[in-house]
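Side chains included, hydrogens not; waters and symmetry mates left out as well; all remaining heavy atoms used.
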Amino acid sequence: MMNELIFFFNKVIVSGAVLGSVYALGAVGITLIFGILRFAHFAHGDMMTMGAFVAFVLASIASAMGISTFWPTGFIVLPFAMLITAGLALGIDRTFYQPLRAKGVRPVTLLIASIGVTLMIQGLIRLFGGVQTRSFFENETKQLFRFDVSWLGATRTINVSEPQLLLIAVTVIAVVALHFFLTRSRLGKGMRAMADNPSLALVSGINTNQVVRATWIIAGSLAAMAGTMLALDVILKPDLAFNIVLPIFAAAIVGGLGQAYGAIAGGFLIGFAETMSVFNWAIMLRPFRDNLPEWVPNDLSIVPTEYKLTVAFVILVVVLLVRPTGIFKGVSS
């Protein structure tokens with residue numbers, strides 16, 4: 001029975017924590033942009049991919065210069081990739097969104113503009129980066145840590161790769177840093193005030209332009225972090241984050257749009273729900289197989305792996321039916 005529990009831990013707990021970390025980092029950026037600027041930024045997934053490609057270029061330059069450390073090179077260059085991606089996010093806002101806001105367009109116009117930015121980023125990535133897949137570990141070794149739990153009576157080991165450990169660690173650090181920024185700094189309090197009531201924040205003397213800049217810097221930085229760590233865990237490709245953009249939006253909505261803590265909770269909720277839904281629960285019944293009736297199937301997964309993205313939308317519908325503003329009571333418009 002212990003071997004089955006270890007298998008469950010590897011496939012559900014570890015995988016859920018990794019997937020939830022990516023969703024949480026992406027959802028925070030989406031929910032901050034919606035809370036401050038009141039539009040759904042559909043280009044956020046491609047900003048994650050863009051940040052991963054920036055990190056890959058920096059890692060390639062570092063490798064060519066002979067820079068080598070104990071940590072993966074892609075992780076070492078992550079702070080620089082975050083800075084560059086934050087700058088690119090500011091540039092995108094100033095070039096595309098700020099002129100539209102100055103004209104007083106409706107949020108749906110900004111949403112459509114973000115779809116255009118999505119196509120633009122995808123085209124630029126394919127133009128300069130090509131369409132082939134790449135790996136951060138072409139010249140490095142991806143370490144796999146095997147934790148012996150034989151003292152529990154199991155012959156299996158708990159398996160976690162180095163990028164997965166780093167992803168969970170940087171997510172915890174980012175969440176704690178974001179918490180202190182939003183609760184202790186004057187700018188963070190201004191962002192929360194503007195997310196709660198933009199009109200009141202404006203008449204209260206809050207520098208809204210500074211808040212908007214901070215929003216894009218945080219969103220761009222977290223997008224680069226999520227995209228780079230995801231690419232380190234799997235593989236880098238032009239549509240790296242395209243298929244997870246909708247679950248990330250679902251995480252932000254489930255947690256409560258405009259609520260950073262809700263986005264984090266929603267990200268982990270959907271991440272664990274997806275891994276649990278595709279897990280074959282029949283494996284947990286193996287020790288009792290001889291005592292089970294023959295009609296019990298060998299596959300008790302809730303949904304096939306290729307349909308796991310639908311889990312996010314099922315959760316989204318259920319939460320919106322019960323609590324339309326999300327778990328943390330975000331904005332409803």
Side-chain angles (χ1 to χ4, degrees), residues 18-19 21-26 28-29 43-95 117-145 159-174 177 216-245 248:
V18 170
L19 192 60
S21 297
V22 174
Y23 287 172
L25 292 175
V28 167
H44 200 75
D46 292 281
M47 282 179 53
M48 294 168 59
T49 305
M50 178 176 64
F53 269 90
V54 170
F56 183 81
V57 171
L58 295 177
S60 300
I61 294 174
S63 298
M65 295 174 61
I67 299 176
S68 178
T69 63
F70 173 77
W71 305 102
T73 307
F75 179 73
I76 296 300
V77 301
L78 178 59
F80 304 101
M82 292 170 63
L83 286 174
I84 294 174
T85 308
L88 292 173
L90 285 173
I92 290 173
D93 176 61
R94 178 155 302 191
T95 304
V117 172
T118 295
L119 299 175
M120 181 197 69
I121 295 176
Q122 288 181 0
L124 290 175
I125 289 175
R126 286 174 169 81
L127 176 64
F128 293 102
V131 296
Q132 66 271 28
T133 59
R134 294 179 172 86
S135 174
F136 277 90
F137 295 95
E138 291 177 354
N139 300 315
E140 299 178 4
T141 302
K142 181 188 292 188
Q143 296 189 34
L144 178 65
F145 300 103
N159 303 324
V160 186
S161 68
E162 185 179 21
Q164 290 174 339
L165 282 177
L166 292 175
L167 171 58
I168 296 172
V170 298
T171 300
V172 172
I173 295 172
W216 283 108
I217 290 173
I218 294 174
S221 300
L222 293 181
M225 179 184 292
T228 302
M229 298 309 298
L230 177 61
L232 282 168
D233 184 37
V234 287
I235 199 167
L236 180 61
K237 51 185 180 179
D239 59 346
L240 173 70
F242 180 77
N243 291 328
I244 66 173
V245 106
I248 288 175

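- Put simply, OG1 on Thr73 and CD1 on Ile67 are 8.5 Å apart, with the number rounded to the nearest 0.5 Å.
- Atom CE of Met225 is separated from atom CG of Leu166 by 11.5 Å, given to the nearest 0.5 angstrom.
- A distance of 6.0 Å separates CD of Glu162 from CZ of Phe137, quoted to the nearest 0.5 Å.
- Distance OG1/Thr95 to CG/Leu90: 10.5 Å, rounded to 0.5 Å.
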Under 3.5 Å, sequence neighbours excluded: what are the donor-acceptor pairs made by side chains of residues 58-65?
from	atom 1	to	atom 2	distance (Å)
Ser60	OG	Phe56	O	2.9
Ser63	OG	Ala59	O	3.0

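- Side-chain contact between Ile92 and Ile121: present, with at least one pair of heavy atoms (C-beta onward) separated by less than 4.5 Å.
- Here the closest heavy-atom approach between residue Leu240 and residue Ala52 is recorded as CD2-CB, 3.8 Å.
- One distance of note links CD of Glu140 with CH2 of Trp71; it measures 13.0 Å at 0.5 Å rounding.
- Contact detail for Ala174 and Leu25: the closest heavy-atom pair is CB-CD2, 4.1 Å.
- Other residues, nucleotides and ligands place no more than 12 heavy atoms under 6.0 Å from the CG atom of Asn139.
- The nearest pair of heavy atoms linking Thr85 to Gly220 is CG2-O, 3.4 Å.
- Scanning all heavy atoms of the two residues, the minimum distance from Gln132 to Arg134 falls at NE2-NH2, 3.0 Å.
- Across every non-hydrogen atom of Ala81 and Gly51, the tightest pair is CB-O, 4.1 Å.
- Contacts classified as ring-ring contact (aromatic ring centres under 6.0 Å, His included) and involving residues 218-245 (residues at least two apart or in different chains) are not found.
- We find the CE-OG1 distance between Met48 and Thr228 to be 9.5 Å, quoted to the nearest 0.5 Å.
- For Ser135, the side chain to side chain donor-acceptor pair (under 3.5 Å) test picks out no residue, with sequence neighbours left out.
- Looking at heavy atoms from C-beta onward, Asp46 lies out of side-chain contact with Met50 at the 4.5 angstrom threshold.
- Thr171 pairs with exactly one of Ile168, Ile173, Leu167 by the side-chain contact (heavy atoms from CB on, under 4.5 Å) rule, that one being Leu167.
- A donor-acceptor pair is defined here as one N or O able to donate and one able to accept, closer than 3.5 Å; such a pair exists between the side chain of Lys142 and the backbone of Asp233.
- Annotation: side chain of Trp216 is not in contact with side chain of Arg94 (no heavy-atom distance under 4.5 Å).
- Closest non-hydrogen pair, Met47 versus Ala89, comes out as CE-CB, 3.6 Å.
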